[in-house]
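Single-structure report; data block below.
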Amino acid sequence: MCGRYASTRKPAQLAREFDAVDVTGGDAPGPDYNIQPTHPVLVITGDHPNEWNRSVGGHRAGRIVRVMTWGLVPRWAKDPAIGSRMFAARVETVADKPAFRDAAAARRCLLPADGWYEWVRGPGRKYPFYSTRYDGSALAIAGIWSSWSDPEPGSTRRLDTCAVLTTPAVGPLAAIGERMPLLLPPSAWDRWLDTTADVDTVSDLMVPPPAAELTAIEVRPVSREVNRAQHHGPRLTRRFDWTSVTPDLDTSALLRQG
DNA sequence: CCAGACGTTGTT
DNA sequence: GTCTGG
DNA sequence: CCAGACGTTGTT
DNA sequence: GTCTGG
């Protein structure tokens, strides 16, 4: 599904592309071609009234660029470590799951991405693919978020966390797996981020997109270098010929029948 | 009632 | 906090 | 998502 | 095999 992705745009650039106000205050993660759960990520949210004061000095901001930790920690969690396995939520169930329900109803967001990785099980090992737009423009992955406060007496620790949404794979993504991240076109962003409205108002967005929307996406094999968390460079996204290191691998056999 | 989980993917 | 399982 | 650990007592 | 850490 979507447990690793690339996001290389700086907050100022995201502010332009997403028509948002940057409130990261120099505290943003840098470009990263290998973002993993539990790491800081740049996120776009709407400007829910309850957030005005904290975000932008009491003024309405439209959309906001902010930093969160990937891996949703529900408000009620005693230990934020639970977030490490709450990094993805299914569109089919997100509105009902105790861990995600509140966030789906009231705190939706977008995770800007250059592309994302999927692994396909091959003979003996798994092989990664990278999916990105041919034209290089940013993807917007639908997400949900939570604001956690440490319940320990005396603690003032706060943590903003998020999770991506997944949907059944469509188009070229169906060739490499069952799931893919829920990608939203710019025309859907306002409605998705308007969390003054009920989750029912976006149920039409929480479905597999028309395959026609996926024609802009290229899916390409990449090196297994991405497996290692400490690798972060642009070469991770470069097309890679596995037969150069695994001569007997039948690449086409990894892919499903259309 | 209390205790314990709260999630996904993919594989068997 | 809320649901599920025992 | 993958990689890497997977344990305790007791001493510094 | 399964959990934790990144």
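Convention: sequence-line order gives letters A, B, ...; per-chain numbering from 1.
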From the options D/dC1, B/dG7, B/dT8, select the nucleotide whose nearest atom is closest to the side chain of A/R85.
B/dG7
Round to a whole Å and report the spacing from CG of A/L254 to P of B/dG10.
14 Å
Could you tell me the Watson-Crick or G-U partner of E/dG5, where both distances fall under 3.5 Å? Say none if there is no partner.
D/dC2
Expressed in whole Å, how much space separates the P atoms belonging to B/dT8 and C/dT4?
14 Å
I'd like to know if the side chain of A/S244 and the backbone of A/D241 have a donor-acceptor N/O pair within less than 3.5 Å.
yes
Selected nucleotide, minimal atom distance to A/R101 side chain, candidates C/dC3, B/dT8, B/dT11:
C/dC3
Between atom CD in A/E225 and atom C1' in D/dC1, what is the gap in whole Å?
17 Å
Which of D/dC1, E/dG6, B/dT9 is nearest the side chain of A/T166? It is B/dT9
According to the 5.5 Å centroid and 30° plane-angle thresholds, does A/F100 stack upon the nucleobase of B/dC6?
no
Would you mind reading off the distance between A/D102 atom CG and B/dG7 atom P, rounded to a whole angstrom?
12 Å
Once you round it to whole Å, what is the distance between P of B/dG7 and CH2 of A/W70?
18 Å
Base, sugar-phosphate or nothing for A/R228? Non-hydrogen atoms, less than 4.0 Å.
sugar-phosphate
Spacing of the P atoms in D/dC1 and B/dG10 (rounded, Å):
7 Å
Mate of B/dG7 across any strand shown (Watson-Crick or G-U wobble, both atom pairs under 3.5 Å) is none
What interatomic distance, in whole Å, is found between C1' of B/dA3 and the corresponding atom of E/dG5?
27 Å
Counting side-chain heavy atoms from C-beta on, which of D/dA3, D/dC1, B/dT8 comes nearest to A/N227?
D/dA3
Would you indicate what A/E178 reaches in the nucleic acid, counting non-hydrogen atoms under 4.0 angstrom: base, sugar-phosphate, or nothing?
sugar-phosphate
Nucleotide E/dG6, atom C1' - distance to CG of A/N34 in whole Å
10 Å
Mind telling me whether A/Y5 and A/W70 have parallel, tilted or perpendicular rings, with 30° and 60° as the class edges?
perpendicular
What's A/A88 touching, base or sugar-phosphate or nothing? Going by heavy atoms closer than 4.0 Å.
sugar-phosphate
Counting only side-chain heavy atoms from C-beta out, which of B/dC6, B/dT9, B/dT11 sits nearest to A/M86?
B/dC6
Has the side chain of A/D114 got a donor or acceptor atom that lies under 3.5 Å from a matching backbone atom of A/T8?
yes
What's the closest nucleotide to the side chain of A/A99 if the choices are B/dC6, E/dG6, B/dT8?
B/dC6
Phosphate-side-chain proximity, A/S84 and B/dG7, N/O vs OP1/OP2 below 4.0 Å:
no
Length of the CG-P vector between A/D79 and E/dT4, whole Å
9 Å
Hey, do the aromatic rings of A/W116 and A/Y130 have their centres closer than 6.0 Å?
no
If the C1' atom of E/dT2 is compared with that of B/dT12, how far apart are they to the nearest Å?
16 Å
Distance in angstrom units between A/W119 CH2 and D/dC2 P, rounded
5 Å
Could you check whether A/R125 makes a cation-pi contact with A/W242, meaning its NZ or CZ is under 6.0 Å from the centre of the six-membered ring and within 45° of the ring axis?
no
Can you check the distance between B/dA5 and E/dG6, where both ends of the measurement are the P atom (answer in whole Å)?
23 Å
When you compare D/dC2 with B/dT11, how far apart are their P atoms, in angstrom units rounded to a whole number?
10 Å
Looking at A/D190, A/D47, A/D22, which one forms a salt bridge (charged side-chain N to carboxylate O under 4.0 Å, His left out) with A/R63?
A/D190
Flag, side chain of A/T166 to backbone of A/P181, donor-acceptor distance under 3.5 Å:
no
Separation of A/L173 atom CG from B/dT9 atom P, in whole Å?
13 Å
Of the candidates D/dA3, C/dC3, B/dT9, the side chain of A/P98 sits closest to C/dC3
